[in-house]
S.K.: 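Have a look at the structure that comes next, please.
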Amino acid sequence: MKIQIINGPNLNLLGQREPGIYGDESFESYLPTLQAKFPDVEIACFQSNVEGELINKMQQVGFFEGYDGIVLNAGAYTHTSVALHDCIRSLKCPVIEVHISNVHKREAFRHQSLISAACLGVICGFGLDSYRLAVEGLIAHCQK
């Protein structure tokens with residue numbers, strides 16, 4: 001099984017950016033723990049601050065590279081991007097939307113996601129563990 005994690009804008013600053021909201025661990029330091037938890041799953045990671053690069057990566061893994069699923073933390077693009085929504089709807093593999101913080105306990109503009117309706121599911125508020133929950137969800141979905 002192959003799962004692609006795609007992180008959007010500012011997620012390269014995890015561990016440094018607003019640790020009260022996002023924690024003090026970088027994604028790079030968390031990824032080996034996640035990969036060790038699922039030794040039979042190939043978990044790749046990609047991060048970009050550029051919307052078009054996120055779309056290009058989703059199309060690449062969702063059409064041409066045979067990935068079984070995508071875990072997407074679109075960051076602020078969650079609340080603004082119809083282009084990401086349209087891309088997700090066109091993919092051959094399922095996408096789970098992930099947020100580290102509970103977006104519903106934050107600013108009102110974060111309460112609306114433009115990508116949720118295109119995703120298999122949404123996980124938010126469990127810190128970096130949200131990624132583990134999403135991987136488990138994809139594994140369960142693909143084993144049906």
Side-chain angles (χ1 to χ4, degrees), residues 1-81 83-85 87-107 110-144:
M1 180 168 205
K2 292 169 43 174
I3 295 175
Q4 177 72 55
I5 295 172
I6 298 177
N7 283 328
N10 300 311
L11 291 164
N12 57 311
L13 299 177
L14 286 176
Q16 302 169 39
R17 173 186 174 222
E18 298 181 271
I21 295 173
Y22 300 107
D24 57 5
E25 185 176 6
S26 71
F27 191 82
E28 292 75 21
S29 67
Y30 171 73
L31 184 59
T33 303
L34 185 65
Q35 291 168 323
K37 190 170 282 292
F38 302 100
D40 296 332
V41 179
E42 179 184 324
I43 299 175
C45 184
F46 174 80
Q47 188 279 327
S48 178
N49 294 318
V50 179
E51 183 180 26
E53 291 179 6
L54 300 175
I55 291 168
N56 288 343
K57 187 65 171 180
M58 285 194 295
Q59 289 177 354
Q60 177 185 346
V61 302
F63 275 111
F64 306 114
E65 293 185 359
Y67 276 72
D68 298 292
I70 296 172
V71 174
L72 174 63
N73 186 339
Y77 289 136
T78 299
H79 319 290
T80 63
S81 182
L84 286 175
H85 172 99
C87 177
I88 294 165
R89 288 179 52 96
S90 71
L91 299 176
K92 295 179 181 179
C93 68
V95 176
I96 295 184
E97 176 184 345
V98 164
H99 300 283
I100 295 166
S101 68
N102 181 347
V103 293
H104 302 287
K105 292 175 88 174
R106 298 186 60 197
E107 304 92 339
R110 296 185 195 276
H111 298 178
Q112 181 179 359
S113 168
L114 296 184
I115 65 173
S116 292
C119 292
L120 173 65
V122 178
I123 298 171
C124 70
F126 295 96
L128 290 175
D129 206 32
S130 296
Y131 291 92
R132 176 190 58 82
L133 295 168
V135 170
E136 288 176 356
L138 283 172
I139 291 169
H141 176 77
C142 291
Q143 291 177 345
K144 289 183 181 177

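What you are looking at is a predicted structure, and each value in this text was computed from that prediction instead of being measured.
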S.K.: Does a side-chain heavy-atom distance below 4.5 Å link E42 with Y67?
M.R.: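 Yes, at least one pair of side-chain atoms sits under 4.5 Å.
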S.K.: Any donor and acceptor pair, going by atom type alone, linking the side chain of K2 with main-chain N or O of E65 inside 3.5 Å?
M.R.: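 Here the side-chain-to-backbone pair exists.
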S.K.: Can you find a heavy atom in the side chain of N49 that is under 4.5 Å from one in the side chain of N12?
M.R.: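 Touching, per the 4.5 Å side-chain cut-off.
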S.K.: L34 versus I5: any side-chain heavy-atom pair under 4.5 Å?
M.R.: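 In contact.
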S.K.: Compare all side-chain heavy atoms of I3 with those of V71 and state whether any distance is below 4.5 angstrom.
M.R.: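 The answer is yes; the side chains approach within 4.5 Å.
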S.K.: With rounding to the nearest 0.5 angstrom, report the CZ to SG distance, R89 to C119.
M.R.: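 It comes to 11.0 Å.
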S.K.: Please find the pair of heavy atoms, one from G75 and one from L11, that lie closest to each other, and give the distance.
M.R.: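 Smallest heavy-atom distance, with atoms named: N-CD1, 4.4 Å.
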S.K.: Between CD1 of I6 and CD1 of I70, what distance do you get to the nearest 0.5 Å?
M.R.: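 Going from the CD1 atom of I6 to the CD1 atom of I70 covers 4.5 Å.
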S.K.: Starting at CG of N10, measure out to CD of Q47 and round the result to the nearest 0.5 Å.
M.R.: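 These two atoms lie 8.0 Å from each other.
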S.K.: Is S130 close to I123 at the side-chain level, that is, under 4.5 Å between some pair of heavy atoms?
M.R.: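 They are in contact (side-chain heavy atoms under 4.5 Å apart), so the answer is yes.
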S.K.: To the nearest 0.5 Å, what is the distance between CD (E136) and CZ (F38)?
M.R.: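 Answer rounded to 0.5 Å: 4.5 Å.
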S.K.: To the nearest 0.5 angstrom, please state how far the SG atom of C45 sits from the CD atom of E28.
M.R.: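 So the gap between those two atoms works out to 7.0 Å.
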S.K.: Any side-chain heavy atom of C93 sitting closer than 4.5 Å to one from D68?
M.R.: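 No - every pair of side-chain heavy atoms lies 4.5 Å or more apart.
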S.K.: Between atom OG1 of T78 and atom CG of N73, what is the distance when rounded to the nearest 0.5 Å?
M.R.: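 Going from the OG1 atom of T78 to the CG atom of N73 covers 6.5 Å.
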S.K.: Which heavy atom of P9 sits nearest a heavy atom of Y77, and at what distance?
M.R.: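 Where P9 meets Y77 most closely, the heavy atoms are CD-CD1, 3.4 Å.
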S.K.: Which atom pair, heavy atoms only, marks the closest approach of H85 to I115?
M.R.: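 That closest heavy-atom pairing would be N-CG2, 3.9 Å.
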S.K.: Y131 vs Y30 aromatic rings, parallel, tilted or perpendicular, using cut-offs 30° and 60°?
M.R.: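 The arrangement is tilted - the two ring planes meet at 30° to 60°.
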S.K.: If only atom types and distance count, is the side chain of Q4 paired as donor or acceptor with the main-chain N or O of I43 below 3.5 Å?
M.R.: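 No; zero donor-acceptor contacts below 3.5 Å.
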S.K.: Grab the two heavy atoms, one from A74 and one from L84, that are nearest each other, plus how far apart they are.
M.R.: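 The answer is CB-CD1, 3.9 Å.
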S.K.: Should I88 and M58 count as side-chain neighbours, where that means a heavy-atom distance under 4.5 Å?
M.R.: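 The answer is yes, as the side chains (C-beta and beyond) meet within the 4.5 Å cut-off.
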S.K.: Where do L91 and G62 come nearest, in terms of heavy atoms and distance?
M.R.: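 Closest pair (atom of L91, atom of G62, distance): CD2-CA, 4.0 Å.
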S.K.: Is K57 close to S48 at the side-chain level, that is, under 4.5 Å between some pair of heavy atoms?
M.R.: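 The answer is no; the side chains never approach within 4.5 Å.
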S.K.: Can you give me the closest heavy-atom contact between L114 and S81, atom names plus distance?
M.R.: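 Between these two residues, the closest heavy atoms are CD1-N, 3.7 Å.
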